Structures are given as C-alpha cells and as structure tokens.
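Computed from a predicted model, the values in this text were never measured in an experiment. Order of the sequence lines fixes the chain letters, A, B, ..., with proteins taken first and strands second; residue numbering starts at 1 for each chain.
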There are 2 protein chains.
Amino acid sequence: MTKPAVIPHPQDNEVAERIMANALPLFADHGYSGVSMRAIAAAAGLTIGTLYHYFSNKEALYLGVLQASYASCAEQWQTIFDAPTPPLERLRDYLLQYCKFAAENKEFVGLVKREQLEGNPQRMELMANVLLGEQFEKTWQLLEEINPDIDARMAANSLIGMVVHHFEIAALRQRFPQHRDEYDDPARVSEHIYQILVHGLLGKPAE
Amino acid sequence: MTKPAVIPHPQDNEVAERIMANALPLFADHGYSGVSMRAIAAAAGLTIGTLYHYFSNKEALYLGVLQASYASCAEQWQTIFDAPTPPLERLRDYLLQYCKFAAENKEFVGLVKREQLEGNPQRMELMANVLLGEQFEKTWQLLEEINPDIDARMAANSLIGMVVHHFEIAALRQRFPQHRDEYDDPARVSEHIYQILVHGLLGKPAE
DNA sequence: GTCTATAAACCGATAGAC
DNA sequence: GTCTATCGGTTTATAGAC
C-alpha cells in the first residue's frame, strides 16, 4: 500500500486536519518556501517525522491546506446568491458577507492572493475550477441582472478587487497618517463599496 | 573599508543594475525565500561569489531591487497629478497611466502586493514612506476635489484595489470561460473603472 | 502512530586564486 | 572584478526503534 502522490489521505483524520489548520497562517504569512516542515510540525505540536505519516511530502500538505480552505467557505456564498430578494438587496448582502469573510479570514485571502502571484499552472487550475470560478460567475451574473448594459465580468473583477484590497492592506494602512479604525470595519467598507458600485462618486452620498 | 550593512553600493554600477533587473521577476514570482542567490546569479549570467562583491548580503540585494523599482516609477505619477486640467480629466488620465503601468510592470506590482502580505515592519515602513504613501495621498486628494462629501481615503483604496486586481489576476482570468483579450487592455480597463467611479453601475453607460 | 537519528541536497556566505 | 572551492547550517525526506 503506497501513499498517494499528491492528494493527502482522504478520510477525515483529525490529526491531519490539525496539522493543516495550524499550517494555514504560516503559509499565508511567509509563502510556500518560507515555511519549513519543522515549523509546521512545531505549530501542530508534533515532530517532523509524523508529518510524513499523513502527507506524502510538503507539496501534498500544502495542497491539502488549499483544498480544506476552499471547502470551508465554498457553500457560504451559495445561500446569499440564491436568496429570493431584489438584486440590489442581494448585492448589498453579498458585499457585507464577503467583507466579513475577508476580515475574518485574512489568512485564506492572503493564501489565494499568493497563489495568483505565483502562477503555478496546476494550482491555478484548482483555484479556477473548484472555488473562485463559481464565485466569479455568480458575481457577474448578479451584476448583469442589475444592469444588462454593462460588461458584467469586468465589473465583477472590480468588485472583488475592491473588497480584497481593503483588507489586504490593513497592516499597511495603519502606517498612513489620519488612519481611522472604521476603515477596517466590514459593515463600513461594504456600504462604501455598495455606494460606489451603485451611484459612483458623484451620486447621492446616502440612500 | 567595510561594505555598508543594508544599502548596496550607491554608485550607478551597471553590473549591479543588471543583477537587480534580472532578480526582480524572480522575487515577484517566488518571493524572498523562494529565490536562492544561486538562481539570482544564474539569471544575471554570473556566479554566486560575484553577487557578494556588489551586495553585502541577500537582504541588501532585495532592498536594492525594491528601491530601484520604486525610484523608476516615483516621478511618473507627479506630472499626472499636478496637471492643470479639470479634476475629472485628471482622474481619467491618472487611471489610464496607472493601468498602463500596472500592465507593463506586473513584476513590480506583484512585489508590492507580496510585501503587503508579508508584513515585515522594516520594509512596510519603507513602502509606506517612500512610494505608496505619496501615491495614496495624491489619489485621495484628487477624489476629495471631485466630491468633498465622500470619504476620499476609502475611495482611494477602492480605486487602487480595482486597478491592481484587474492585472494581478490576469493569469487566472484566462482560465475562466468566455475570456476576452480586451479584459487585459489598459485603455479598456481604465475606462471601465472611470465609469464605475463617476457614474456607478446604474449611470449612463457611455459619456 | 509518534518518535529519534540520519541521509542527501541545498542554503547563505566566505576565502582565496587569478 | 570574476571565478572556484568550501564551510557551517538548514532543508526535505527516509529508516527504523518503540
């Protein structure tokens, strides 16, 4: 019985899950090559040899972290997009939930952004098919429902870019003068993005 | 005569510049710890020993890459912001130049994003003071000039987020169905962002 | 299943020939 | 100024005791 080459053990092993859960913030902060197997083992309270009992190598462990993170938030978007409310209300709800998620899961957002920068073809395929593709499609379909005359795919990119950027630069923003804590508040940020998307900068400031 | 601790040799040495120019895409793609001094030497057509003649260590070389990239584009924004044209026209010009720069300097944009994710205090300070702080300030001042009733700093974050995201996910976007090449065109993207910022999604589609 | 010990390769950095 | 050779340390990964 040989270990699988890429995918970690499929059964829900609580030790493997603990390893991946503790490795997630390490990979998000320092990148794939910036984290050693020793550091991962220490974060999980184990030694290095034990890691290789659950994962065939470092790459498989990393892919396991990616897939586990994807699965944990995949169904979260579904209920929001499928709600039977008017499209503008769905947009507002989606933005709030998306901002909340980005604020609470900075590690995951950072991991995804890192993967986009790296551009590894195999892992890009995983992201495009498993998670991001679905969110992107639901997003532009909602925007097209709001206004069929715009390029909804471009608008979806703009929406996603605004949300993730606000929370990606949180650490940097605090070094700028005149910083206010409310710039990190998901409710405040999502309402701001909603106003820009719907009315632009010249529209009425509050509805 | 000892070598400086952090800053590389100040004189404009063409060999040092070649080393940094070839190292930039490597750092942008794989991060600081993902690139070895051997790889940097090979990219410049040298051997590892020669690198230490021009840079005291790997950290100094990396900081040199950051600073050289900063300097190369720092003055590019000045002329745009200081133009004596109406604010909306300046916004349109700024967006076009910013998108062009992001499209032509994907490595630099990736490097900056990577630094934001990493959160190293020393390098964050460098970014906040030397380059990004100035661009951020000019951006929100322009937006405040357009509409004094909005939160211009938040709007500046949204603007920057839209621009960089469009070009950061270029590699990923091509894996999505119904991709069009014009989504990578700076003129097309900047005009799209201009329309969203000024009119929103419900406004008139073309001016 | 978890550990210790270790192999083989790679890392950043230095010394010294030319 | 560029090279080769090498040091000491760390890396991923394996072998084997318990």
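Atom CZ of Phe55(B) is separated from atom C1' of dG12(C) by 16 Å (rounded to the nearest Å). Between the NE2 atom of His53(B) and the P atom of dG16(C) there is a distance of 17 Å, given to the nearest Å. Per the geometry, CG belonging to Asn57(B) stands 13 Å off C1' belonging to dT14(C), to the nearest Å. Distance, Leu51(A) CG to dT11(D) P: 13 Å, rounded to whole Å. Rounded to an integer number of Å, the gap from Arg18(B) CZ to dG1(D) P is 14 Å. A straight line from CG of Asn13(A) to P of dG1(C) spans 8 Å, rounded to a whole angstrom. To the nearest angstrom, P of dG1(C) lies 11 Å from CD of Glu14(A).
A distance of 9.0 Å separates CZ of Arg123(A) from CG of Leu111(A), quoted to the nearest 0.5 Å. Atoms CG and CG, on Leu142(B) and Asp93(B) in that order, are 10.0 Å from each other to the nearest 0.5 Å.
Between Lys106(B) and Glu168(B) there is no salt bridge, since no side-chain N of the basic residue sits under 4.0 Å from a carboxylate O of the acidic one.
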Pairs: protein N or O with nucleotides 4-11 of chain C N or O, under 3.5 Å:
{"from": "dC11(C)", "atom 1": "OP1", "to": "Ser36(B)", "atom 2": "OG", "distance (Å)": "3.4"}

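Within the structure, every side-chain polar atom (N or O) of Tyr52(A) is placed at least 4.0 Å from both OP1 and OP2 of dT14(D). Between Tyr54(B) and dT2(D) there is a side-chain N or O to OP1 or OP2 distance below 4.0 Å.
Every side chain to side chain donor-acceptor pair (under 3.5 Å) that Glu134(B) has, sequence neighbours left out, goes to Gln78(B).
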Side chains of residues 25-39 of chain A: which donor-acceptor partners sit under 3.5 Å, not counting sequence neighbours?
{"from": "His30(A)", "atom 1": "ND1", "to": "Leu26(A)", "atom 2": "O", "distance (Å)": "3.4"}
{"from": "Tyr32(A)", "atom 1": "OH", "to": "Glu59(A)", "atom 2": "N", "distance (Å)": "3.3"}
{"from": "Ser33(A)", "atom 1": "OG", "to": "Gly34(B)", "atom 2": "N", "distance (Å)": "3.3"}
{"from": "Ser36(A)", "atom 1": "OG", "to": "Ala39(A)", "atom 2": "N", "distance (Å)": "3.1"}

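Ring centroid separation for the pair His199(B) and His199(A) does not come in under the 6.0 Å cut-off.
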